[in-house]
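Because the structure is predicted, anything quoted here is derived from the model rather than measured.
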Amino acid sequence: MRQVKTLGLLGTGVIGGGWAARVLHFGIDVIAADVKPEMEEWIRGAVANAEGALARLTFAPLPPKGRLSFTTDLHAMARQADFIQENIPEQLELKQRVLAEVSRHAPPDVVIASSTSGLMPSELQRDMSAPERFLVAHPFNPVYLLPLVELVGGQRTSAATLEAASHFFRYIGMHPLRVRREVPGHLTDRLQEALWREILHMVNEDVATTGELDDSIVYGPGLRWAAMGTNLIYHLAGGETGMRHMLRQFGPCLKWPWTKLEAPELTEGLIDKMVAGTQAQAAGRSIRELERLRDDYLVAIQQVLKQYNIGAGATLRALEERLYEDAGGPARAALSAGRPDGEPLRVLETRVRPEWIDYNGHMTDSRYLQVFGDATDALFRYAGIDDAYRRSGRAMYTVETHVMHKAEARALEPLYVTTRILETDDKRVRLLHALHRQRDEGLVATAEQVYLHVSAPPGKASAMDAAVRARLAAIQAAQASGAAAAAPTRA
Ligand SMILES: NC(=O)c1ccc[n+]([C@@H]2O[C@H](COP(=O)([O-])OP(=O)(O)OC[C@H]3O[C@@H](n4cnc5c(N)ncnc54)[C@H](O)[C@@H]3O)[C@@H](O)[C@H]2O)c1
């Protein structure tokens with residue numbers, strides 16, 4: 001299967017727009033195809049709308065944003081894409097027809113995935129050419145913020161397709177959940193549907209309003225569900241003996257009439273109650289306003305969960321790990337190509353993101369620290385201080401930073417950082433970073449920083465790993481001799 005540089009989107013509504021925003025953010029180009037030409041304006045708006053929340057999701061260094069193009073020619077999209085994600089309306093015959101048609105124009109090593117909420121992959125791939133490269137990849141709205149994607153293979157889907165798709169979705173910061181066998185509704189929608197049917201019953205029977213039912217989740221189980229699912233939570237509910245006790249204690253309830261599951265008839269009366277209830281909950285706020293609110297708390301929750309390395313927070317952490325690894329690529333390439341040779345190392349390539357700009361139109365103070373921090377991170381990763389090293393309880397702490405500003409950097413300006421190791425011993429490293437503009441090599445700022453190696457607990461300065469120390473010392477020695485050789489000699 002090929003490396004995905006361009007994602008083709010088939011159908012560019014709510015879900016197509018969400019896919020576009022996510023992959024563009026992580027540096028992948030998008031060719032969006034829809035039968036309606038007016039969807040071009042819509043998808044560009046959807047991508048712009050998602051940008052604010054995505055920009056706050058992670059401060060890890062990002063590759064340049066991907067480029068978005070739009071076409072109404074589905075065949076042209078199919079010929080150019082490295083991976084195709086279908087997001088057209090949820091109708092079996094329509095999807096079967098369009099997938100079959102598109103598959104005849106896409107080379108056979110191009111994976112084709114469907115966002116279907118509940119259709120079975122074996123039925124969708126029925127008329128396709130090279131059906132083994134087809135799978136269901138079911139995302140959740142908003143696709144650009146929620147990491148879950150359910151992967152379901154059909155009878156003719158190959159293991160290699162599922163593997164390639166998992167790899168791609170992980171690359172764009174998602175959590176691929178492999179569904180063992182196809183069932184209508186996959187896993188999540190089957191669970192959501194059960195809750196939904198009970199809601200409709202209770203509103204229908206005037207047991208509760210839509211708002212009260214939402215409160216019954218939001219103030220309680222919803223908070224737990226962000227990081228632990230029903231099963232693990234019930235295990236905790238059983239006390240010391242966990243799930244076994246829980247089942248003994250609450251087992252009899254399973255026979256009581258707590259749930260109905262079969263949905264009630266969707267009468268006009270029930271529809272009116274659902275609409276009036278949710279309008280009261282919206283309290284005059286537009287869908288756009290509520291989406292922004294939802295996006296903001298989804299970002300905040302993931303950042304909190306990241307500290308606990310759990311659920312969606314663990315996915316975000318893995319994504320950031322990959323982004324830092326990639327950002328450190330130039331330093332590693334330079335070093336493995338025979339460096340250090342005495343030159344400052346080019347450790348980081350980055351770009352001034354629009355949200356980094358101050359009222360003068362230039363990169364704001366705090367972002368200098370972020371960029372220099374990322375540069376240090378790239379260097380230390382090369383030396384062996386990566387996530388695994390930190391998990392062993394050892395890390396580098398910043399103890400001193402001295403920044404000098406020399407010139408301005410504008411929005412979207414490409415930048416790079418070179419780094420010189422001035423001093424290093426068992427516990428300390430002193431660095432000099434220089435931030436340059438790519439357009440004219442102009443020096444934008446320098447930062448001299450001192451780092452201390454710390455073991456926690458007890459949170460005290462400690463000697464760094466011998467291999468790490470040796471790598472840093474080798475760079476420092478080579479740079480010192482290079483600098484001496486380059487220094488002007490006295491007449
Ligand atoms: N909305 C959700 O919350 C959600 C969540 C997960 C999955 N899904 C699934 O994603 C798919 C799309 O849902 P949506 O909510 O984005 O729908 P949508 O109605 O917002 O978008 C569908 C788009 O497909 C286009 N389209 C229709 N026929 C086409 C064709 N023949 N070729 C190309 N484009 C065509 C339409 O013009 C429209 O822009 C469905 O299968 C749905 O079940 C939806």
Salt-bridge contact R351-E413 (side-chain N to carboxylate O under 4.0 Å):
no
Is there side-chain contact between Q192 and F140, with heavy atoms separated by less than 4.5 Å?
yes
Main-chain N/O of H138 paired with S115 side-chain donor or acceptor, under 3.5 Å:
no
Between R2 and D109, is the closest basic N to carboxylate O distance under 4.0 Å?
yes
Mind running salt bridge (Lys or Arg N to Asp or Glu O under 4.0 Å) on E262 and R197 for me, showing each step along the way?
CA-CA 7 Å; E262 183 71 29; R197 288 178 189 190; 5.4 Å; no
side-chain hydrogen bond (donor to acceptor under 3.5 Å, both in side chains) between Q438 and E349: does it pass, once the steps are laid out?
CA-CA 9 Å; Q438 289 199 12; E349 313 261 341; 2.8 Å; yes
With side chains defined as the heavy atoms from C-beta onward, is the minimum distance between N141 and R294 less than 4.5 Å?
yes
Kindly compute the distance separating CD (Q155) from CD (E123), expressed to the nearest 0.5 Å.
9.5 Å
State, yes or no, whether a side-chain contact exists between H201 and E205 at a heavy-atom distance under 4.5 Å.
yes
State whether a side-chain donor-acceptor pair under 3.5 Å links T210 with Q281.
yes
Any salt bridge between E51 and R353, counting N to O under 4.0 Å?
no
Count the heavy atoms belonging to other residues, nucleotides or ligands that lie under 6.0 Å from CZ of F59, then report whether that count exceeds 12.
yes
Distance in Å, L348 CG paired with T419 OG1, rounded so as to fall on 0.5 Å steps:
8.0 Å
Please report the shortest heavy-atom distance between T71 and M77, naming the atom on each side.
CG2-CB, 4.1 Å
Testing the 3.5 Å rule here: is there a donor-acceptor pair between the side chains of W225 and T230?
yes
List the steps and the verdict of side-chain hydrogen bond (donor to acceptor under 3.5 Å, both in side chains) for E86 and S114.
CA-CA 5 Å; E86 169 274 305; S114 170; 2.4 Å; yes
L435 and M363: which non-hydrogen atoms are nearest, and at how many Å?
CD2-CE, 4.0 Å
Could you grab the distance from atom CG of L62 to atom OG1 of T350, nearest 0.5 Å is fine?
8.0 Å
Near-ring test F168/F83, centroid separation under 6.0 angstrom
yes
Donor-acceptor contact below 3.5 Å, side chain E182 vs main chain S122
yes
In terms of side-chain geometry, is the basic nitrogen of E289 or R292 positioned less than 4.0 Å from the acidic oxygen of its partner?
no
Pair R44 + E40: basic N to acidic O under 4.0 Å
yes
Flag if over 12 foreign heavy atoms under 6.0 Å of CZ, R285
yes
Non-hydrogen atoms of L57 and E320 that approach each other most closely:
O-OE2, 4.2 Å
Given the rule in the side-chain contact (heavy atoms from CB on, under 4.5 Å) test, do V352 and L412 qualify, once you have shown the distances and angles that lead to the verdict?
CA-CA 5 Å; V352 183; L412 300 177; over 6 Å; no
Under 3.5 Å donor-acceptor, E150 side chain and P139 backbone:
no
So, taking the atom named OG1 in T364 and the one named OH in Y359, what distance separates them when rounded to the nearest 0.5 Å?
7.5 Å
Any chance you could measure T116, atom OG1, to L92, atom CG, to the nearest 0.5 Å?
8.5 Å
Minimal heavy-atom distance between W258 and C253, with the atoms involved, is CH2-SG, 3.8 Å
Check this for me: does any side-chain nitrogen of one of R322 and D326 sit under 4.0 Å from a carboxylate oxygen of the other?
yes
Does P107 offer a backbone N or O that forms a donor-acceptor pair with the side chain of R133 under 3.5 Å?
yes
Within a reach of under 6.0 Å around CZ of R410, are more than 12 heavy atoms found that belong to other residues, nucleotides or ligands?
no
For the side chain of D387 and the backbone of R390, is there at least one donor-acceptor N/O pair under 3.5 Å apart?
no
Closest non-hydrogen contact found for Q125 with P131 is NE2-O, 3.0 Å
Would the distance check show the side chain of R317 and the main-chain N or O of K306 forming a donor-acceptor pair, the cut-off being under 3.5 Å?
yes
Mark yes or no for whether N87, through its side chain, and T12, through its backbone, hold a donor-acceptor pair below 3.5 Å.
no
Is the backbone of V203 close enough, under 3.5 Å, to the side chain of K273 for a donor and an acceptor to pair up by distance?
yes
I'd like to know if the side chain of S129 reaches the main chain of S103, judged simply by a donor and an acceptor atom lying under 3.5 Å from each other, with no hydrogens or angles considered.
yes
Atom CZ of residue position R244 - does it have more than 12 heavy atoms of other residues, nucleotides or ligands inside 6.0 Å?
no
Passes side-chain contact (heavy atoms from CB on, under 4.5 Å), E101 versus H75? Steps please.
CA-CA 8 Å; E101 186 184 327; H75 302 173; 2.8 Å; yes
What I want to check is whether the side chains of D295 and Y144 have a donor and an acceptor closer together than 3.5 Å.
yes
Presence of salt bridge, K36 and E41, under 4.0 angstrom
no
Working to the nearest 0.5 Å, report the span between CG of N49 and CD1 of I43.
12.5 Å
Pair V102, I84 - check side-chain contact (heavy atoms from CB on, under 4.5 Å), show working.
CA-CA 9 Å; V102 163; I84 295 173; 4.0 Å; yes
For the pair F169 and W19, name the ring-plane relationship: parallel under 30°, tilted 30 to 60°, perpendicular over 60°.
tilted
CA sep, side-chain torsions, deciding dist, call: L316, L305, side-chain contact (heavy atoms from CB on, under 4.5 Å)
CA-CA 9 Å; L316 180 57; L305 294 179; over 6 Å; no
Flag, side chain of T259 to backbone of L261, donor-acceptor distance under 3.5 Å:
no
Is there a side-chain hydrogen bond (donor to acceptor under 3.5 Å, both in side chains) between E408 and H362? Walk through the geometry before answering.
CA-CA 6 Å; E408 306 84 35; H362 303 139; 4.6 Å; no
Show your working on side-chain hydrogen bond (donor to acceptor under 3.5 Å, both in side chains) between D82 and Q3 and close with a plain yes or no.
CA-CA 7 Å; D82 299 312; Q3 194 196 344; over 6 Å; no
Looking at every heavy atom in both P108 and A130, which two are closest together, and how far apart are they?
CB-CB, 4.1 Å
